[in-house]
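All values derive from a computational prediction rather than experimental measurement.
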Amino acid sequence: MGETLGQRMNKLMDDHFVGREFEQHVFTTMLQGLEERSERILNLHGTTGIGKTFLLNRFGKLAERVGTRAAYVDAKEAFGSEEVFCGLLLQALGESAEIPDIPACINAINDKAREQKVVLLIDGFETMGSLDHRIREKLLPGLDANVLTVIAGRHSLEGPWRRSAVWSSIVVKLPLKELDYEVVRGYLCQRGVTDERQLDEIWLRTLGHPLSLNLSLDGSRGETVLSRDMAANPEPPEECVRQWLGEAPDNALRELLYAASVPRSFHQEQLGELLGRSVSDAEFDRLIGLSFTNRTPRGWQLTELVWETLRASFKTRMPSRFAEYADKTIAHYNRLLDQAHTGRGKGWEIDQLMRFSSSPVLRAHLRHSRDCGHYLEPIDFANYADAETYIEERLRTAKPQRIRCSDPQTGALFRFEMSAEESLLRLSALPLNELLRTGPDSVRLVRSKEGNVLGLFAIVPIHGGTAAFLRSAPLSRMYFETRETILSEGSERYPAGWFVYAMDVVDLEDESLRSAIVQAIFEKIAEGGLVLQSPPPLAYFRHACEGLGFECADVPSHPAYGESYPAYVYEIDTRGNRLKDYLRKMVPQRGALIEGPNADAGAAAKAEAAEEIPRTIEAIMAALTPREKEVASLLTQGLSNSDIAAALFVSEAAVKKHVNAMLSKYGLKNRTQLARAILDGRSPYE
């Protein structure tokens, strides 16, 4: 007899199963140790499409391989009926009963458990309704000690499950997260996708979300191909939107959900500001009870892919309302910045505001920014040895770095690589002992919440007390030779600014560490001063500087990183009232940004700037020569002038000529504005 359809489907599921090694280890460990362990329930939970059902199927196969009886039940099929649920459970066990009720289930399960271990796999537990109580109070307490129950649902077991010390002691919670890059890469290679750029595109589009990952591929013709052009349509498949919105079936909850998709973080009062009405506790509790809403130290967030997907859907379906909410959100964070007596500690507000930046480069770098609990610890005699050990370990274990990020709005993909030697350049120019003498907080260790050292930041305040160091240090000497007066403008308490001397982390591929770098820079920008840095002259650092709004200072390059790496100094000036100027440059100019007594002047400046810059991508591209179009296309990919020259087989001087010609045509100031205008298809001042 040939293979049945069910057998074929099971084989395909096995063939395509990847990752979840940790979860499988937890399951097998609990199953093997049932006799010694007090835990009897494993609670899988995670948002729609995260792979709960797929993993339950895997657990069933793992159980069968070691002679354990596995019974799978989808609670959604029970429709809240005890009789139907018990009938499904008995059927999964190969049993039947005249009255399919809980006592019959207990007897059948325990009969099996006397012969062999039994695993109950209950899926879709969030649909149980009032049956939750019956299962918890009647079914589970009657089961033999040889039974392991796996409960899967969108939410973790809460309420009575959590309040009871007894239940808490026997339930092991196992939250499911997205798959990591290496797992996704392995899965895609298995499905026939081996092109490096395609691999990165799919990863950055799906962020390892299993449903989105599967829907991004089309295996209907016996081979795996991309289901659609990702650059043209960067959003995840519409099926994901449909499933996520399925958790918010009524209009009232969807209204809140769409509003929550505009800011990156939200709280109850802020949503009330957006909607123009108060949001009740009951409404807000429903919103934060959704499986894809997470609590953070500064409020709540939708999980990253859900946020991006619903935000894009809201913007497409209701563009006017989205623009209104965006205006209000921008105004909200600007108001917080205005109300602060000092900029210290306001880097988070700038981070939130920059989610509305017109720069695709910045949006790409901020895309994965999240609070991972890392903290900065000043270096002193107590932890000086930790700093030395960190540097020694970095020098010993350096490896090549491959950094990838993409703009969620345009789908623009940015990929950077650096050798092991290049990854150490920032440490090579780090005079640790001299830096420590510039101030108690100048050099800090980056620690994880577990206390592990993950990086070292050196940010020197600019004032008379640090003048001698800044005049002589290799990275800053060239700049202050022509800007001597700045050194006398500040004091130890109120420096004129900061020189970001080094920001080194163990792994630039780690998104949380890149987030820590950006957050530290935003903190200095928010304080109001001159922020300077001179990173190694590599594509990644140039790209990051441009994205953050740094401009190349008009001073000669220096060889602090070696003759092969001539580096420049980049600056952002937020002294005095220039912070608002910086924000206007970085964030689209909406009415919300221009408030107070200077509103008329600000509006006039906005209108004047908008007139100087073409407002559509067609207007930008139409007037370009064929060669300028080629240069523009490569420019938006983050390539340097030298890289563009190599790609087009022309001189670097010729590329500079074409870039300057394009800047001149449209009255733009720099490459960043030009790339922004082309990628966004609109004025960078919009």
Do any N or O atoms from the side chain of Gln268 and from the backbone of Phe284 form a donor-acceptor pair under 3.5 angstrom?
no
Can a donor-acceptor pair be found, under 3.5 Å and without considering hydrogens, that links the side chain of Gln401 to the backbone of Leu508?
yes
Quick one: closest heavy-atom pair of Tyr258 and Leu310, and the distance?
CE2-O, 3.8 Å
State whether the number of non-hydrogen atoms from other residues, nucleotides or ligands found under 6.0 Å of Arg415 atom CZ is greater than 12.
yes
Less than 4.0 angstrom from a charged side-chain N to a carboxylate O is my criterion; do Asp195 and Arg197 meet it?
no
Where is the tightest heavy-atom contact between Ser156 and Asn43, given as atom of each residue plus distance?
CA-OD1, 3.4 Å
Answer yes or no: is there a donor N or O on one side and an acceptor on the other, between the side chain of Arg367 and the main chain of Leu362, under 3.5 Å?
no
Find out whether Ile122 and Phe85 are in side-chain contact, i.e. whether some heavy atom of one side chain is under 4.5 Å from a heavy atom of the other.
yes
Which distance, rounded to the nearest 0.5 Å, do you find between the NZ of Lys449 and the NE2 of His374?
9.0 Å
Which of parallel (below 30°), tilted (30 to 60°) and perpendicular (above 60°) describes Trp348 and Tyr333?
perpendicular
Please check if the number of heavy atoms outside Asp250 that lie under 6.0 Å from its CG is greater than 12.
yes
Judged by atom type as modelled, is there a donor-acceptor pair below 3.5 Å linking the side chain of Gln243 to the main-chain atoms of Thr48?
no
Heavy atoms of Arg311 and Phe322 approach each other most closely as CG-CE1, 3.7 Å
Under the side chain to side chain contact (heavy atoms under 4.5 Å, CB included) rule, collect the residues that match up with Leu376, sequence neighbours excluded.
Arg444, Val446, Phe457
Close aromatic pair by centroid cut-off 6.0 Å: His365 and Tyr540
yes
For residues Met354 and Leu583, determine if any side-chain heavy atom of one lies less than 4.5 Å from a side-chain heavy atom of the other.
yes
Check ion pair Asp338-Arg335 (N to O, under 4.0 angstrom):
no
Please confirm whether the backbone N or O of Ser357 pairs with a side-chain atom of Arg363, one donor and one acceptor, at under 3.5 Å?
yes
After noting the C-alpha distance and the side-chain angles of Arg286 and Leu256, does the key distance pass the side-chain contact (heavy atoms from CB on, under 4.5 Å) rule?
CA-CA 10 Å; Arg286 288 186 67 202; Leu256 273 183; over 6 Å; no
Are the side chains of Thr293 and Leu257 in contact, using a 4.5 Å heavy-atom criterion?
no
Residues in salt bridge (Lys or Arg N to Asp or Glu O under 4.0 Å) with Asp123, at least two apart?
none
Min side-chain heavy-atom separation Pro263-Leu274 under 4.5 Å
yes
Leu337 vs Leu353, test: side-chain contact (heavy atoms from CB on, under 4.5 Å). Steps then yes/no.
CA-CA 10 Å; Leu337 289 168; Leu353 186 59; 4.3 Å; yes
Residue list, salt bridge (Lys or Arg N to Asp or Glu O under 4.0 Å) with Asp180, at least two apart or on another chain:
none
Quick check: closest heavy atoms across Thr47 and Lys52, and the distance to 0.1 Å?
O-NZ, 3.2 Å
Roughly how far apart are Leu207 CG and Ile202 CD1, rounded to 0.5 Å?
12.5 Å
Would you give the length of the straight line joining atom CD of Gln519 to atom CZ of Arg514, rounded to the nearest 0.5 angstrom?
15.0 Å
Using the rule given for side-chain contact (heavy atoms from CB on, under 4.5 Å), can you reason through Ser265 versus Gln352, listing the C-alpha separation, both sets of side-chain angles and the distance that settles it, and then say yes or no?
CA-CA 8 Å; Ser265 300; Gln352 300 300 299; 3.4 Å; yes
Could you pull out all residues at least two apart from Arg542 that satisfy salt bridge (Lys or Arg N to Asp or Glu O under 4.0 Å)?
none
Scanning both residues in full, the closest heavy-atom pair of Leu213 with Val184 reads CD1-CG1, 3.9 Å
Who are the side chain to side chain donor-acceptor pair (under 3.5 Å) partners of Ser168, not counting sequence neighbours?
none
Does Arg185 pair with Glu196 as a salt bridge, N-O distance under 4.0 Å?
yes
Under 3.5 Å donor-acceptor, Gln24 side chain and Gly19 backbone
yes
Applying ring pair (Phe, Tyr, Trp, His ring centres under 6.0 Å), run through His209 and Trp244 and close with a yes or a no.
CA-CA 13 Å; His209 185 271; Trp244 287 322; 5.3 Å; yes
I'd like to know if Asp351 and Arg298 make a salt bridge, using a cut-off of under 4.0 Å between side-chain N and carboxylate O.
no
Could you check whether Tyr325 and Phe314 have their ring centres less than 6.0 Å apart?
yes
Are the charged groups of Glu308 and Arg205 less than 4.0 angstrom apart, N to O?
no
List for me each residue that meets side chain to side chain contact (heavy atoms under 4.5 Å, CB included) alongside Glu255, sequence neighbours excluded, and say none if there are none.
Leu275, Arg277
Which atoms form the tightest heavy-atom contact between Arg254 and Gly246, and what is the distance?
NH2-N, 4.5 Å
pair Glu273-Lys328: side-chain heavy atoms closer than 4.5 Å:
no
Does the side chain of Phe27 come within less than 4.5 Å of Leu44's, by heavy atoms?
no
Within the distance-only criterion (no hydrogens, no angle test), does the side chain of Ser313 pair as donor or acceptor with the backbone N or O of Thr309 below 3.5 angstrom?
no
Quick one: does Arg355's side chain get under 4.5 Å of Leu366's, heavy atoms only?
yes
Decide side-chain contact (heavy atoms from CB on, under 4.5 Å) for Arg402 and Glu417; before the verdict, give the C-alpha distance in whole Å, the side-chain angles of both, and the deciding distance to 0.1 Å.
CA-CA 5 Å; Arg402 186 163 177 246; Glu417 294 186 10; 3.6 Å; yes
Within the side chain of Asp132, is there an N or O that forms a donor-acceptor pair under 3.5 Å with the backbone of Met128?
no
In the structure I gave you, are the side-chain heavy atoms of Leu174 and Phe22 within less than 4.5 Å of one another anywhere?
yes
Give a yes or no answer on whether the side chain of Trp307 reaches the backbone of Ser261 with a donor-acceptor pair at less than 3.5 Å.
yes
